[in-house]
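So the structure is just underneath, and the comments pick up after that.
If you're wondering where the values come from, they're calculated on a predicted model, not measured in any experiment.
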Amino acid sequence: MNKKTEITKAALELFAKKGFSETSVQEIADTVKISKGSFYKYFSSKRALMLDLLEEYHLKIMDRMNEYDWAKETSNQSLVTYIELEIKAWVEHQSFFYVLFKEFPPKCDVEITERIEKLHQTTITNHREVFSHIYGERLESYISDLVLLLEGILRESITQIIIHKQQDISPASIARWISHHINVIIQHMEEKEPLLQYNRQDSIPELIQDVKDLISRLAISSEKTKYNETITLIESEWKKTDSNPVLMEALLHYLKKHKDLKIKIWQLEQLLLQEDES
């Protein structure tokens, strides 16, 4: 374990035990047997450490959720699979999120609130895509309603059962329970008009631009160069009247390997397939 990881691990344990405000930088430094000055070589403040942790755990949650196989999961069981993956991500990192939600209520810290909202928006996007992927066009106009229901049930389940540990229930059991009730609702969904409006208006050029924007935010410069070249090739190939499907598939597959690009590339791939079929 490197020293930075040691510091964040010790800090998280102290935050959970004593509280963020009540834990001093000196206590964190003493726990990992370094000087206070050495702490500041890694983090400018406790808050900077918390922001770093939030970014790290965002990526860890996305890694777990990206285990969902978009190519294979197309049945009602698929919803169980996805929900279980998401709940497992929260379970694995519950101590961090316990500290985060206990010590940083909404709007307590602008930057931390923005990072939390970034994570929330990522999960909302995933929820939209999961419902669209599993249930197809029939329920397209109800996607926002389904996301609202899933968000509410998941939030309360995670808060009460996982973060506050009110009962010991496995992620698989929670996922099956949630999926069952969502599917019961779906059976009667079309008896009412949608409560919320949802219109998928993504176009291929818009998705390509979205991917370019995501690439621009990647941390590693060498990755940016390779991925920018790849999406440019995809755009160029798409514009051809006789595009090469094998090349296009290979380029898309290469981009899908990056966890931060995976969802947008999957969306782009679906639109390209629809265009080929029309």
Side-chain angles (χ1 to χ4, degrees), residues 58-86 89 118-119 121-144 146-147 150 198-278:
H58 183 172
L59 295 175
K60 285 180 177 179
I61 283 183
M62 296 320 301
D63 280 342
R64 171 62 84 173
M65 290 161 67
N66 281 335
E67 292 174 20
Y68 183 80
D69 192 337
W70 295 88
K72 295 179 181 177
E73 301 288 1
T74 55
S75 66
N76 287 348
Q77 176 61 29
S78 306
L79 186 59
V80 178
T81 302
Y82 178 84
I83 293 172
E84 184 177 355
L85 285 171
E86 186 168 337
K118 177 184 172 185
L119 172 58
Q121 288 303 317
T122 303
T123 58
I124 285 176
T125 298
N126 280 10
H127 295 163
R128 289 186 186 282
E129 293 308 319
V130 164
F131 281 122
S132 184
H133 180 57
I134 296 171
Y135 300 103
E137 293 182 3
R138 181 175 69 87
L139 294 176
E140 190 77 9
S141 59
Y142 293 91
I143 294 292
S144 289
L146 289 169
V147 170
L150 179 58
Y198 173 64
N199 296 305
R200 179 187 291 279
Q201 296 178 333
D202 291 331
S203 67
I204 290 174
E206 287 170 338
L207 282 172
I208 288 173
Q209 186 57 52
D210 286 347
V211 173
K212 289 179 179 178
D213 291 342
L214 286 173
I215 291 169
S216 72
R217 295 197 288 270
L218 297 180
I220 303 172
S221 296
S222 59
E223 280 189 343
K224 287 184 183 181
T225 302
K226 290 187 293 185
Y227 292 138
N228 269 320
E229 289 174 355
T230 305
I231 193 63
T232 299
L233 283 171
I234 288 172
E235 185 174 22
S236 174
E237 195 65 26
W238 167 64
K239 290 178 179 178
K240 292 179 181 178
T241 54
D242 57 344
S243 62
N244 184 331
V246 176
L247 174 60
M248 185 71 86
E249 183 178 348
L251 293 169
L252 290 165
H253 178 72
Y254 174 69
L255 288 182
K256 274 194 293 187
K257 289 190 292 184
H258 195 290
K259 58 183 176 293
D260 292 340
L261 307 178
K262 189 172 183 179
I263 300 299
K264 286 294 179 184
I265 294 300
W266 180 81
Q267 294 173 22
L268 177 59
E269 187 176 45
Q270 298 309 300
L271 284 185
L272 290 169
L273 286 171
Q274 289 173 22
E275 191 174 80
D276 288 343
E277 291 170 0
S278 61

Check your understanding: Can you check side chain to side chain contact (heavy atoms under 4.5 Å, CB included) on Ser144 and Arg128, steps first, answer last?
Key -> CA-CA 7 Å; Ser144 289; Arg128 289 186 186 282; 3.1 Å; yes
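- Taking both residues in full, the closest heavy atoms of Phe131 and Ile143 are given as CB-CD1, 3.7 Å, listed atom of the first, atom of the second, then distance.
- If you take CD1 on Ile234 and CG on Leu272, they are separated by 8.0 Å, rounding to the nearest 0.5 Å.
- Within the structure, every pair that satisfies the ring-ring contact (aromatic ring centres under 6.0 Å, His included) test and touches residues 220-239, not counting sequence neighbours, is listed here: Tyr227-Tyr254, Tyr227-His258.
- Contacts classified as salt bridge (Lys or Arg N to Asp or Glu O under 4.0 Å) and involving residues 240-256 (residues at least two apart or in different chains) are given here: Glu237-Lys240, Lys256-Glu269.
- Annotation: the span from Thr230 atom OG1 to Ile215 atom CD1 amounts to 7.5 Å, rounded to 0.5 Å.
- The CD1 atom of Ile134 sits 11.5 Å away from the CD atom of Glu129 when rounded to the nearest 0.5 Å.
- Pairing each heavy atom of Val211 with each of Leu261, the nearest pair is O-CD2, 4.4 Å.
- Applying the side chain to side chain donor-acceptor pair (under 3.5 Å) test to Lys226 and every residue at least two apart in sequence or in another chain returns nothing.
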Review point. What's the verdict on side-chain hydrogen bond (donor to acceptor under 3.5 Å, both in side chains) for Ser203 and Glu206, showing C-alpha distance, side-chain angles and the deciding distance?
Key: CA-CA 5 Å; Ser203 67; Glu206 287 170 338; 3.3 Å; yes
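- Considering OH of Tyr68 and CG of Asn126, their distance stands at 10.0 Å, rounded to 0.5 Å.
- Under the 4.5 Å side-chain criterion, counting only non-hydrogen atoms from C-beta, Glu140 is in contact with Ser132.
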Point to revise | Audit row: Asn228, Thr225, side chain to side chain contact (heavy atoms under 4.5 Å, CB included) steps and yes/no | key: CA-CA 5 Å; Asn228 269 320; Thr225 302; 6.0 Å; no
Exercise for review: Check step by step if side chain to side chain contact (heavy atoms under 4.5 Å, CB included) holds for Leu150 and Ile83.
Suggested key: CA-CA 9 Å; Leu150 179 58; Ile83 293 172; 3.8 Å; yes
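- With Thr81 contributing its side chain and Gln77 its backbone, the two residues share a donor-acceptor pair below 3.5 Å.
- Judged as a salt bridge (charged side-chain N to carboxylate O under 4.0 Å, His left out), and not counting sequence neighbours, the contacts of Lys212 are Glu235.
- Once rounded to the nearest 0.5 Å, the distance linking CG of Leu233 with CG of Asn244 reads 11.5 Å.
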Practice item. List the steps, then state whether side chain to side chain contact (heavy atoms under 4.5 Å, CB included) holds for Thr125 with Val130. Key: CA-CA 9 Å; Thr125 298; Val130 164; over 6 Å; no
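- Applying the side chain to side chain donor-acceptor pair (under 3.5 Å) criterion to Asp213, with sequence neighbours excluded, gives Gln209.
- Listed by chain and residue number, Lys88 satisfy the salt bridge (charged side-chain N to carboxylate O under 4.0 Å, His left out) test with Glu84 (two or more places apart in sequence, or in another chain).
- Atom-to-atom distance recorded for Leu268:CG and Leu255:CG is 9.0 Å, nearest 0.5 angstrom.
- For the residue pair Leu139 and Leu146, the shortest heavy atom distance occurs at CD1-CD1, 4.4 Å.
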